[in-house]
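Read the numbers this way: they start at 1 and go in the same order the structure lists the ligands and their atoms. Since the model is a prediction, treat every value here as computed from it, not as a measurement.
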Amino acid sequence: MPSVLVVGAQWGDEGKGKIVDIYAGRADAVVRFQGGNNAGHTLVVGGEKIVLHLIPSGILHGAAVCCIGNGVVVDPEVLLAEIQGLRDRGRWPSDDCLLVSESAHVILPCHRALDQAREARAGDRKIGTTGRGIGPCYEDKAARRGIRVGDLLHPGTLAAQVASLLDEKNALLRHLGAEPFDPAEITDGLLAAGERLRPYVADVAGRVHAWLAAGRNVLFEGAQGTLLDLDHGTYPFVTSSNTVAGAACPGVGVAPSDLEAVVGITKAYVTRVGEGPFPTELHDDTGRRLAERGAEFGATTGRPRRCGWLDLVALRTACRVNGCTGLAVTKLDVLQGLPEIRVATAYRLDGATVDRVPARAEDLARCEPVYETLPGWDEDISAVRDLADLPAAARGFLDRVAGATGCPVVLASVGPGREETIEVAAPFGRRRSGPRQDG
Ligand code: IMP
């Protein structure tokens, strides 16, 4: 079972794109299983900055087949623009390198309009969505009236599907003061997009089963993060899909026993975009320093990210929910130069000590972090490639993370470049030495 799953262990933006990009170099296939173009992966390859929203970041390696599983919601315009963008930059390997599940649901312009109109009306009750239509598309999927990628290849039935969907959506849009859509125009656009996507439409589940059976390396790529999970995140300030590792099963059509290793990605601190509780958020110079050094602006919306100290309570919860077998700690270099580093080891809520993330966002918002202070370091660590060469304080920080979560650190990222990485244990079963576990 040579499969590795990469999952965000915080509120998204943990740097999954870079880790997937590294692991994809050894994978035969990279498979996305949830979310849509609300995700944004920024990759720096050979000094060139590339942002991907929908296509798995493995595309830049060329050798791996990139798959968009049935659990993903696909905006055809965005997907086609992303393919074209990679072609224009000479980074499109071949048409064989992308497969899109025929069962993935399609984001329509009315989903985007609805997302934006609702957020505009919500005032201070808004979620802070990316405005990409993700929630409304998943709503239609659950309501069994969604349009799927395979439907775009069937002109005989698509018009009726669109008309029935828009009948309801247009009424809703008018009610919210937004413009309705013309069913014929939308159908024509979808059919044209379907023709252009036809070469990529495939039975992704069948292909993944065949690869796994043949012992090929399959990398499952999660989007967003555990605390944005529809069930296990800080509801309602979450995204509209399950983002946890287990979501790969329905999102691709594989079994839990097909998932061999689960690598949770965490920053060395925490960021969050959009609304919602964030116990360790910093509103001071340290927070601003993290934002500046970490270039913390959303890859999808350009919004500034909220920054705070590493929250080991949330990380422990994420490791448990996902069954993480290893952690990749990103942006370790951003902590350089801080005289001391804090990590939250517990919360105080109504006079009691809490060691897990409360289910209610209102309760989490009232939690006060209990901090432990660790020594900082001044040395530039961006050239370090071996754990043993890190300053003692940086190694101690990684040991503390491993000790608090019970999860070994398998990788630490010390800069945005592909090569600015300390790999402690390789994915796909080729293990090297790991850091101390007791912290
Ligand atoms: P939606 O997914 O656009 O509906 O947004 C819901 C919430 O999830 C908002 O707080 C977004 O900022 C957040 N979100 C969605 N995708 C990402 C992501 O890829 N990284 C970080 N936050 C995200």
Closest approach of any protein heavy atom to [atom], naming residue and atom:
atom	result
atom 7 (C) of ligand 1	Val238 O, 3.7 Å
atom 12 (O) of ligand 1	Arg303 NH2, 3.0 Å
atom 11 (C) of ligand 1	Gly128 O, 3.5 Å
atom 3 (O) of ligand 1	Thr130 OG1, 2.6 Å
atom 20 (N) of ligand 1	Asp13 OD1, 3.1 Å
atom 14 (N) of ligand 1	Leu228 CD1, 3.7 Å
atom 17 (C) of ligand 1	Gln224 CG, 3.5 Å

Please check if any side-chain donor atom of [X] sits under 3.5 Å from a side-chain acceptor atom of [Y], or the reverse.
X	Y	value
Glu420	Ser382	no
Thr421	Lys18	yes
Thr234	Arg272	yes
His111	Asp140	yes
Asn38	Thr239	yes

Inset, instruction - Just grab all the ring-ring contact (aromatic ring centres under 6.0 Å, His included) pairs involving residues 38-96, residues at least two apart or on different chains. - result: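 Counting only pairs at least two positions apart or across chains, no ring-ring contact (aromatic ring centres under 6.0 Å, His included) contact touches residues 38-96.
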Legend entry - Residue list, ring-ring contact (aromatic ring centres under 6.0 Å, His included) with Phe181, at least two apart or on another chain: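 For Phe181, no residue satisfies ring-ring contact (aromatic ring centres under 6.0 Å, His included) once neighbours in sequence are set aside.
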Inset, instruction - Check each heavy atom of Phe237 against ligand 1 and say whether those closer than 4.0 Å belong to the side chain, the backbone, both or neither. - result: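 None of Phe237 does.
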Is there a polar contact between ligand 1 and [X], counting only N or O atoms under 3.5 Å apart?
X	result
Ser240	no
Thr129	no
Thr239	yes
Asp115	no

Inset, instruction - Number the atoms of ligand 1 from 1 as they appear, then name those within less than 4.0 Å of a heavy atom of Val273, with their elements. - result: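 Those of ligand 1 that fall under 4.0 Å from Val273 are 10 (O), 12 (O), 21 (C), 22 (N).
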Inset, instruction - Please could you name the atoms of ligand 1 that Trp11 approaches to less than 4.0 Å, counting only its heavy atoms? - result: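 Going through ligand 1 atom by atom, the ones under 4.0 Å from Trp11 are 21 (C), 22 (N).
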Legend entry - Smallest separation among heavy atoms of Arg118 and Leu172, with atom names: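 Closest approach of Arg118 to Leu172: NH2-CD2, 4.0 Å.
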Legend entry - Any donor-acceptor N/O pair, Tyr23 side chain to Gly58 backbone, under 3.5 Å: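 A pair under 3.5 Å: no.
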Inset, instruction - For Arg145, look at atom CZ and say whether over 12 heavy atoms of other residues, nucleotides or ligands are found less than 6.0 Å away. - result: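 Yes, because the 6.0 Å sphere around CZ of Arg145 holds more than 12 heavy atoms from other groups.
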Legend entry - Closest to atom 19 (O) of ligand 1 among Gly17, Cys137, Ala39, Gly12 (heavy-atom distance):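 Considering heavy atoms of Gly17, Cys137, Ala39, Gly12, the nearest to atom 19 (O) of ligand 1 sits in Ala39.
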